[in-house]
Amino acid sequence: MTKPFRIIIVGGGIAGLSAAIALRKAGREITVYEQSADNREIGATISLQPNASKIVEQIWGMHDVLLQKGGMVDEGFQIYNTNGELQLSIPLKTTAKYGAERMVYHRVDLHNALKERATSDAYPGRPVVINVSARVIGCNCDSGIVYLEDGRSAKADLLVGADGIKSMLRKSVLGKEVKALRTGHSAYRIMVPTAELEKEQEFTNVINPRESKTTMVIGYDRRLIMGPAREGTVYSVVALVPDESMNESAEGSSWTTVGSHDKMLESFDVFPEWAKKPLRLAPEAGLWQLRDIDPLTTWYRGRTILIGDACHAMLPTQGQGASQAVEDAEALGAFFADIEESSFEVSEVEKRNKALFECRFERATTIQAYSRQVAKPATEPGEVRVKMNPAEFMDYNCSYSGALDWCARQASSKQVTVA
Ligand SMILES: Cc1cc2nc3c(=O)[nH]c(=O)nc-3n(C[C@H](O)[C@H](O)[C@H](O)COP(=O)(O)OP(=O)(O)OC[C@H]3O[C@@H](n4cnc5c(N)ncnc54)[C@H](O)[C@@H]3O)c2cc1C
């Protein structure tokens, strides 16, 4: 009897669960090791761009499940300046152009839906096993062995490092430490009940908080990005501000803190009063220092491949971080599609990891760079005219139909250039 192809995924975030779904097959044994005890996301929203929605909804068949969980189609961007004047309105019905919609989810709902899709026996392939409270502290990239904090170890034919921006596996793959970089930005994340916000007429005179649109209010180096989630029952705000020193430990491991309400409001002093209403209503405001990483020299070594924030953490200014993780996962599924048993030599696994890296690297790196570009001050100092267009890079970002199609397009465009 042939032995199953064993896959270990380190990290049960969006990248890890997506990889579990994409790789799930009858002849495979997939185990996710997640360090946290509850494997849950935070209370904030997340948008999946059409390039990722297409994969999640159409390839992984999650369209109906995600709508049942309160996912909303984003119907447009509306950009206001600090005088409260509408500067730009961009309709966003994107299916005709990109083959899917930009979707907004409560993070917990998206995470739960991915977890169910990976572990439930209602779908084809062997259900994935998730081990929680299982922190990986070391690995051997060539042999595919992981070492856990509790003394256990486990061996895989393919080892996927989906362990986020502070990735432990990244160090093993690269043979050196690559630290996450400060970007100069921090973000408050807030969520308020829509029913409360609807009592604020100053706000509702301008914005209908149940209408599925993303509103941005922008002034120089700070901006409010807001919109509804969970079928309009909650309203979410990400408030981007210039970075400040956080209460970091000596190792710099804590990049989140409870934000000061007064300080947050002070940061948006010159913003219109209506736009500050959700901030005033927020019971608390978490503050995240936003970091990213520079492009890496490689994402793979032997049986090990990095995906998601572990290899291309980026600023959230285009909402592409998780979407790129979904693309990585789909690519894993495509490059390992024919393997079902564990007889594959390390050289064969590494060959596929290399092909995946060569297919994904340029695209993910370009989107990382665009995300930095979109984060630059969006008005001149002291001026109100907004010069940033959030749809600027959408054609590049969203015209995507899976890794193999992307590779073929890249190869043919290079042939044309050479000819
Ligand atoms: C303010 C903000 C807004 C954002 N908005 C969007 C958006 O709208 N759209 C979008 O696409 N992206 C957005 N992003 C980015 C997105 O959240 C990330 O890109 C995405 O969540 C990365 O997923 P990941 O699974 O790679 O990493 P993580 O979510 O960091 O998951 C890593 C997992 O690995 C686990 N882990 C880590 N180390 C170990 C270990 N040693 N052993 C075992 N487990 C381990 C962690 O506990 C965690 O569960 C936003 C980010 C921020 C900060």
Side-chain angles (χ1 to χ4, degrees), residues 8-20 31-42 44-53 56 74 102-107 110-111 114-115 130-139 146-150 154 159-172 180 183 185-190 214 223 225-227 229 236-241 253 255-256 285-293 306-329 364 367-368 371 375 390 397:
I8 288 178
I9 299 170
V10 181
I14 290 169
L17 294 176
S18 297
T31 311
V32 176
Y33 289 98
E34 164 57 42
Q35 65 184 0
S36 65
D38 51 1
N39 188 209
R40 271 174 71 84
E41 262 284 358
I42 60 157
T45 50
I46 186 157
S47 59
L48 283 191
Q49 314 312 316
N51 46 311
S53 299
V56 172
D74 193 354
R102 176 181 143 93
M103 298 295 299
V104 179
Y105 302 103
H106 192 292
R107 278 180 174 260
L110 175 63
H111 193 259
L114 292 170
K115 206 177 342 183
I130 301 180
N131 285 336
V132 292
S133 303
R135 182 171 159 72
V136 171
I137 53 164
C139 75
V146 290
Y147 303 98
L148 281 96
E149 195 170 49
D150 60 13
L159 176 56
V160 180
D163 50 346
I165 189 168
K166 296 176 188 168
S167 171
M168 192 283 308
L169 266 69
R170 183 167 68 221
K171 188 175 173 188
S172 302
T183 60
H185 306 274
S186 288
Y188 294 96
R189 282 157 141 179
I190 282 160
T214 297
R223 60 188 77 163
I225 302 123
M226 43 196 177
S236 145
V237 184
V238 174
L240 283 187
V241 292
S253 63
W255 310 338
T256 61
L287 181 60
W288 274 256
Q289 188 178 69
L290 301 180
R291 299 200 179 192
D292 66 6
I293 56 173
L306 303 173
I307 64 165
D309 276 12
C311 58
H312 50 58
M314 59 187 74
L315 276 166
T317 43
Q318 303 188 103
Q320 276 287 350
S323 296
Q324 286 308 297
V326 167
E327 285 189 13
D328 293 339
I367 292 175
Q368 250 185 326
S371 299
N397 294 349

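Just so it is clear, the model here is predicted, and its values are computed rather than measured. Note that ligands are numbered from 1 as they come in the structure, with each ligand's atoms numbered from 1 the same way. Residues take their numbers from the sequence shown, with the count starting at 1.
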J.: Under 3.5 Å between any N/O of Ser323 and any N/O of ligand 1: does that happen in this structure?
T.: yes

J.: For ligand 1, which atoms, with element, lie under 4.0 Å from some heavy atom of Gly164?
T.: 27 (O), 30 (O), 32 (C)

J.: If you measure every N/O of Val10 against every N/O of ligand 1, is any gap under 3.5 Å?
T.: no

J.: Nearest to atom 1 (C) of ligand 1, what protein heavy atom do you find, and at what distance?
T.: Arg189 NE, 3.2 Å

J.: Of all heavy-atom pairs between Gly12 and Val32, which one has the smallest distance, and what is that distance?
T.: CA-CG1, 3.9 Å

J.: What is the nearest protein non-hydrogen atom to atom 37 (C) of ligand 1, stated with its residue, atom name and distance?
T.: Asp163 O, 3.3 Å

J.: Is the shortest N/O to N/O distance between Ile14 and ligand 1 below 3.5 Å?
T.: yes

J.: In ligand 1, which numbered atoms sit nearer than 4.0 Å to a non-hydrogen atom of Gly308?
T.: 26 (O)

J.: Should one rank Arg107, Gln35, Arg291 by closest heavy-atom distance to atom 50 (C) of ligand 1, which comes out on top?
T.: Arg107

J.: Distance-only, no hydrogens or angles: does the Asp74 side chain make a donor-acceptor pair with backbone N or O of Arg102 under 3.5 Å?
T.: no

J.: Any donor-acceptor pair under 3.5 Å linking the side-chain atoms of Asn51 with those of Gln320?
T.: yes

J.: Looking only at protein heavy atoms, which one is nearest to atom 53 (C) of ligand 1, and how far off is it?
T.: Leu290 CD2, 3.5 Å

J.: Considering all heavy atoms of both residues, which atom of Leu315 and which atom of Ser371 are nearest to each other, and what is their separation?
T.: O-CB, 3.5 Å

J.: Minimum heavy-atom separation for His111 to Gly13, with atom names?
T.: NE2-CA, 4.1 Å

J.: Quick one: nearest non-hydrogen protein atom to atom 26 (O) of ligand 1, plus distance?
T.: Asp309 N, 2.9 Å

J.: Please report which non-hydrogen protein atom sits nearest to atom 9 (N) of ligand 1, along with the residue it belongs to and the distance in Å to one decimal place.
T.: Ser47 O, 2.8 Å

J.: Under 3.5 Å, is there a donor-acceptor pair between the Asp292 and Thr183 side chains?
T.: no

J.: Just let me know how Tyr33 lines up against ligand 1, side chain, backbone, both or neither, with a heavy-atom cut-off below 4.0 Å.
T.: backbone

J.: Evaluate Arg170 against Ile293 for side chain to side chain contact (heavy atoms under 4.5 Å, CB included), listing each step before the verdict.
T.: CA-CA 11 Å; Arg170 183 167 68 221; Ile293 56 173; 3.9 Å; yes

J.: Among Leu114, Asp309, Val56, find the one that has a side chain to side chain contact (heavy atoms under 4.5 Å, CB included) with Ile14.
T.: Leu114

J.: Select the closest option to atom 35 (C) of ligand 1 among His111, Glu34, Arg135, judged by heavy-atom distance.
T.: Glu34

J.: Atoms of ligand 1 less than 4.0 Å from Gly319 heavy atoms?
T.: 7 (C), 8 (O), 9 (N), 10 (C), 11 (O)

J.: Please check if the side chain of Ser47 supplies one atom and the backbone of Val104 the other of a donor-acceptor pair under 3.5 Å.
T.: no

J.: Given 3.5 Å as the limit, does a donor-acceptor pair link the side chain of Glu327 with the main chain of Ala52, or not?
T.: no

J.: Can you tell me which residue and heavy atom of the protein come closest to atom 31 (O) of ligand 1, and the distance to 0.1 Å?
T.: Gly13 CA, 3.7 Å

J.: Looking only at heavy atoms, what is the nearest atom pair of Ala19 and Ile307, with distance?
T.: CB-CD1, 3.7 Å

J.: Indicate whether the side chain of Asn397 and that of Gln318 have a donor and an acceptor atom separated by less than 3.5 Å.
T.: yes

J.: Tell me whether Ala325 has any N or O atom under 3.5 angstrom from an N or O of ligand 1.
T.: no

J.: Report the nearest protein non-hydrogen atom to atom 12 (N) of ligand 1: residue, atom name, distance rounded to 0.1 Å.
T.: Ala322 N, 3.1 Å

J.: Over all heavy atoms of both residues, which pair between Leu48 and Ala322 is shortest? Give the atoms and the distance, please.
T.: CD2-CB, 4.3 Å

J.: So is Ala134 close enough to ligand 1, meaning a heavy atom under 4.0 angstrom away?
T.: yes

J.: Between Leu17, Val104, Val136, flag the one that comes closest to atom 41 (N) of ligand 1 by a heavy atom.
T.: Val136

J.: Between the candidates Cys139, Gly138, Ala162, which shows the shortest non-hydrogen contact distance to atom 32 (C) of ligand 1?
T.: Ala162

J.: Starting from atom 34 (O) of ligand 1, which protein heavy atom do you reach first, and at what distance in Å?
T.: Gly11 CA, 3.2 Å

